[in-house]
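Residue numbers count from 1 along this sequence.
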Amino acid sequence: MKKNRFLNACFLSMLCSLGTAQSVSADALVIPYKIVSDTPTSAGLREVYGRVAYSVDFANDSSPNAAPHLPSIDDSLEALLRRQVAKAFGSEDGNYVLTLSLLSGSEEIAKKALVSFSWQRNNFLFFTTNSSITGRLSRSGVLTDNFPVDISNNLLNVQLRLQRSNSTALDTNTFNEFSEQSSLMSYESLQPALELLPNVKTAIGVLSKVIDSEETEDVSNDVAMRFLDRGTEAPSIISFSLRGPRNRSGSETYKNGINVTVSFETEASLFEDFVDGKFTDADLATALQFSVVGAARASVPFEDSLNAKRYDTIRSYLAALERGSFPSDATSHSVCREMWRTLLSFFSENDAPLIYAAYLRQFDFSLDGVEDAKRQCVDRYAQIFKRLDIPYEQIQIAD
């Protein structure tokens, strides 16, 4: 059963004061976590992009300053996974993946495999060509990124899950490559403006079937986390503690284990030349190639995400301008207003003006000479261009 997210949010301020969220499971099945930081970014809504990153580190609980003992970490991880499988699936044969999942409400937006393994005829096998513990794990990665943070996606949940498949066996790296592409299907939860083309949905759907499983068990609480300081109490960095049970002799080596740290981070812009609230040496001629939608490693060009019916108008405007003509049923005001409004739906309040200016630069030959085009398309936004140091003088539209 899913934990009630309302209760999770209500009790989160108390957990923050305690510093560590304790498992409430009587049999200690739930993997515990601790809050590392509850200080989120203070930027305004839609000023920055969200990024959810994770890292896996080895730890020595009994001697934190000493180097962890890798063989005992290996034993501890295997013991933990054996126990989780036994509790969740009754030690049944199958292929398993321990995932770190990102959720919006009850919908899983993205997931990455931390480790994949198999249980066959009482044999426990990791899927890897590397025999060391360092080669079996996904040591770091990004669950998702590149979405403007607003009130609808500022608060998301993370959770460790164990999923089982009788047929598909994927190593950790392959699973994560598939998962990166598959996550684009659910990216609409973070970026409602996105609407994938049908052929893109079909291809992604195939990948989703490979990595998804109906047999999934939660092995940690789902933890509410936040990007921006908008009044809701929730951490921005947490760390899950994966420790196997002690062996029969009570060996201290089981105090060696794995910490999975999850960070809710923000990025100022899709463009590297955005520094201290302004663009430096922005080139309008090349800006559009960075105008992509979706997580970085599964992104699509902006125009490829305009599939919804509500974008019929802007698609027709862009098609006409691409042909070198001005839309016959439009005015300069309606064309530029629609372009500006649409870009603000997809990009941050800082990036959208640069991308808008880049479109004007690309289509200035189609807009030049159109009645009132300079005033409605350029002068109307001049103060914003100046504030961001966008080189709008490159746009060749006459008075």
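Taking hydrophobic clusters as Ile, Leu, Val, Met, Phe, Trp and Tyr residues chained together by side-chain heavy-atom distances below 4.5 Å, Leu388 shares a cluster with Phe347. One hydrophobic cluster, built from ILVMFWY side chains closer than 4.5 Å, holds both Phe290 and Val300. Val200 and Val206 end up in different hydrophobic clusters when Ile, Leu, Val, Met, Phe, Trp and Tyr side chains are linked at under 4.5 Å. Tyr54 and Ile211 fall into different hydrophobic clusters, where Ile, Leu, Val, Met, Phe, Trp and Tyr side chains are chained together by heavy-atom contacts under 4.5 Å. Side-chain heavy atoms closer than 4.5 Å link hydrophobic residues (I, L, V, M, F, W, Y) into clusters, and following such links, even through other members, never connects Leu196 to Phe178.
Side chains of Asp229 and Ser42: a donor-acceptor N/O pair is absent below 3.5 angstrom, by distance only. Donor-acceptor pairing under 3.5 Å is lacking for the side chains of Ser189 and Ser186.
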- Before giving the answer on side chain to side chain contact (heavy atoms under 4.5 Å, CB included), spell out for Phe89 and Leu162 the whole-Å C-alpha distance, their side-chain angles and the decisive distance to 0.1 Å. CA-CA 10 Å; Phe89 304 103; Leu162 185 65; 3.8 Å; yes

- Walk me through it: do Glu267 and Asn146 pass the test side chain to side chain contact (heavy atoms under 4.5 Å, CB included)? CA-CA 8 Å; Glu267 297 176 305; Asn146 287 0; 4.0 Å; yes

- Under the side chain to side chain donor-acceptor pair (under 3.5 Å) rule, what do Asp171 and Thr174 come out as? Steps first, then yes or no, please. CA-CA 6 Å; Asp171 65 76; Thr174 303; 2.9 Å; yes

- Chi angles and distances behind the side chain to side chain contact (heavy atoms under 4.5 Å, CB included) call for Asp283, Asp273: CA-CA 10 Å; Asp283 183 1; Asp273 55 2; over 6 Å; no

- Let me see the working for Asp351 and Ser269 under side chain to side chain donor-acceptor pair (under 3.5 Å), right down to the final yes or no. CA-CA 6 Å; Asp351 282 358; Ser269 173; 2.6 Å; yes

- Message: Could you go through Ser213 and Thr216, starting from their C-alpha distance and side-chain angles, then the distance that decides it, and tell me whether this counts as side chain to side chain donor-acceptor pair (under 3.5 Å)?
- Response: CA-CA 6 Å; Ser213 170; Thr216 301; 4.6 Å; no

- Give the C-alpha distance, both sets of side-chain angles, the deciding distance and a yes or no for ring-ring contact (aromatic ring centres under 6.0 Å, His included) between Tyr317 and Tyr359. CA-CA 12 Å; Tyr317 288 167; Tyr359 268 112; over 10 Å; no

- Item | Verdict with supporting geometry, Ile238 and Val36, side chain to side chain contact (heavy atoms under 4.5 Å, CB included) | CA-CA 5 Å; Ile238 67 168; Val36 178; 5.6 Å; no

- Are Glu195 and Arg310 close enough, and set up right, to give a salt bridge (Lys or Arg N to Asp or Glu O under 4.0 Å), and what steps lead you there? CA-CA 10 Å; Glu195 177 70 26; Arg310 65 185 179 274; 5.3 Å; no

- Message: Apply ring-ring contact (aromatic ring centres under 6.0 Å, His included) to residues Tyr381 and Tyr392 and explain how you reach the verdict.
- Response: CA-CA 10 Å; Tyr381 306 100; Tyr392 67 102; over 10 Å; no

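With contacts defined as side-chain heavy-atom distances shorter than 4.5 Å, the pair Leu114/Ile258 does not qualify. Considering only heavy atoms from C-beta on, Met339 comes within 4.5 Å of Leu318 through its side chain. Inter-residue side-chain proximity for Tyr96 and Glu215 is flagged as unmet; no heavy-atom pair is nearer than 4.5 Å. Phe240 has its side chain out of reach of Asn259: every pair of non-hydrogen atoms, C-beta onward, lies at least 4.5 Å apart. Within the 4.5 Å cutoff, the side chain of Pro198 has heavy atoms near those of the Asn307 side chain. Counting heavy atoms from C-beta outward, Asp372 and His333 have side chains that stay 4.5 Å or more apart. For the pair Leu156 and Leu190, the minimum side-chain heavy-atom distance is below 4.5 Å. In this structure, Leu354 and Leu284 have side chains that are in contact, with non-hydrogen atoms separated by less than 4.5 Å.
Remark: side-chain polar atoms of Ser183 are not paired, donor with acceptor, to backbone N or O of Ala110 under 3.5 angstrom. Checking side-chain atoms of Ser366 against main-chain N and O of Phe326 turns up no donor-acceptor pair under 3.5 Å. Side chain of Ser72 to backbone of His69: a donor-acceptor contact under 3.5 angstrom is found. Between the side chain of Asp74 and the backbone N or O of Ile133 there is no donor-acceptor pair closer than 3.5 Å. The backbone N or O of Pro148 sits less than 3.5 Å from a side-chain atom of Asn153, completing a donor-acceptor pair. A distance-only check finds a donor-acceptor pair linking the side chain of Ser116 to the backbone of Thr172 [under 3.5 Å]. Although no hydrogens or angles enter the test, the distance criterion places no donor-acceptor pair under 3.5 Å between the side chain of Thr99 and the main chain of Ser101. A donor-acceptor pair under 3.5 Å is formed between the side chain of Asn176 and the backbone N or O of Ala113. In this structure, the side chain of Arg226 does not engage the main chain of Leu155 through any donor-acceptor pair within 3.5 Å. The closest donor-acceptor contact from the side chain of Ser208 to the backbone of Ile204 lies under 3.5 Å.
At most 12 non-hydrogen atoms from other residues, nucleotides or ligands lie less than 6.0 angstrom from NZ of Lys209. Heavy atoms of other residues, nucleotides or ligands lying less than 6.0 angstrom from CG of Asp281 number 12 at most. Within a 6.0 Å radius of CD in Gln289, other residues, nucleotides and ligands contribute more than 12 heavy atoms.
Here the CD1-CZ distance, from Ile151 to Arg46, works out to 12.5 Å after rounding to the nearest 0.5 Å. Put simply, CG on Asn350 and CD1 on Ile355 are 11.0 Å apart, with the number rounded to the nearest 0.5 Å. Interatomic distance, Leu70 CG to Ser76 OG, rounded to the nearest 0.5 Å: 12.0 Å. Note that CD of Glu371 and CG of Leu367 are 13.5 Å apart. Values are rounded to the nearest 0.5 Å. Atom CG of Leu45 is separated from atom CG of Asn154 by 7.0 Å, given to the nearest 0.5 angstrom. One distance of note links CG of Asp329 with OG of Ser334; it measures 7.5 Å at 0.5 Å rounding.
Ring planes of Tyr356 and Phe385: parallel class, angle under 30° (limits at 30 and 60°). Between Phe227 and Phe147, the ring-plane angle classifies as perpendicular under the 30° and 60° cut-offs.
A salt bridge links Lys111 with Asp212: the closest approach of a Lys/Arg side-chain nitrogen to an acidic carboxylate oxygen falls below 4.0 angstrom. With respect to Glu217 and Lys87, no salt bridge is recorded, no charged nitrogen being found less than 4.0 Å from a carboxylate O. The pair Lys112-Glu180 meets the salt-bridge criterion, with a side-chain N (NZ, NE, NH1 or NH2) lying under 4.0 Å from an Asp/Glu carboxylate O. Salt bridge annotation for Arg315-Glu322: absent, with no cationic side-chain nitrogen under 4.0 angstrom from a carboxylate oxygen.
For the side chain to side chain contact (heavy atoms under 4.5 Å, CB included) with Ser220, the qualifying choice from Val158, Leu100, Leu160 is Leu160, the only one to do so.
Note that Arg82 lies outside the cation-pi zone of Phe117, set by a 6.0 Å cut-off to the ring centre and a 45° limit from the axis.
A search for side-chain contact (heavy atoms from CB on, under 4.5 Å) contacts involving Ser345 returns Ala193, not counting sequence neighbours.
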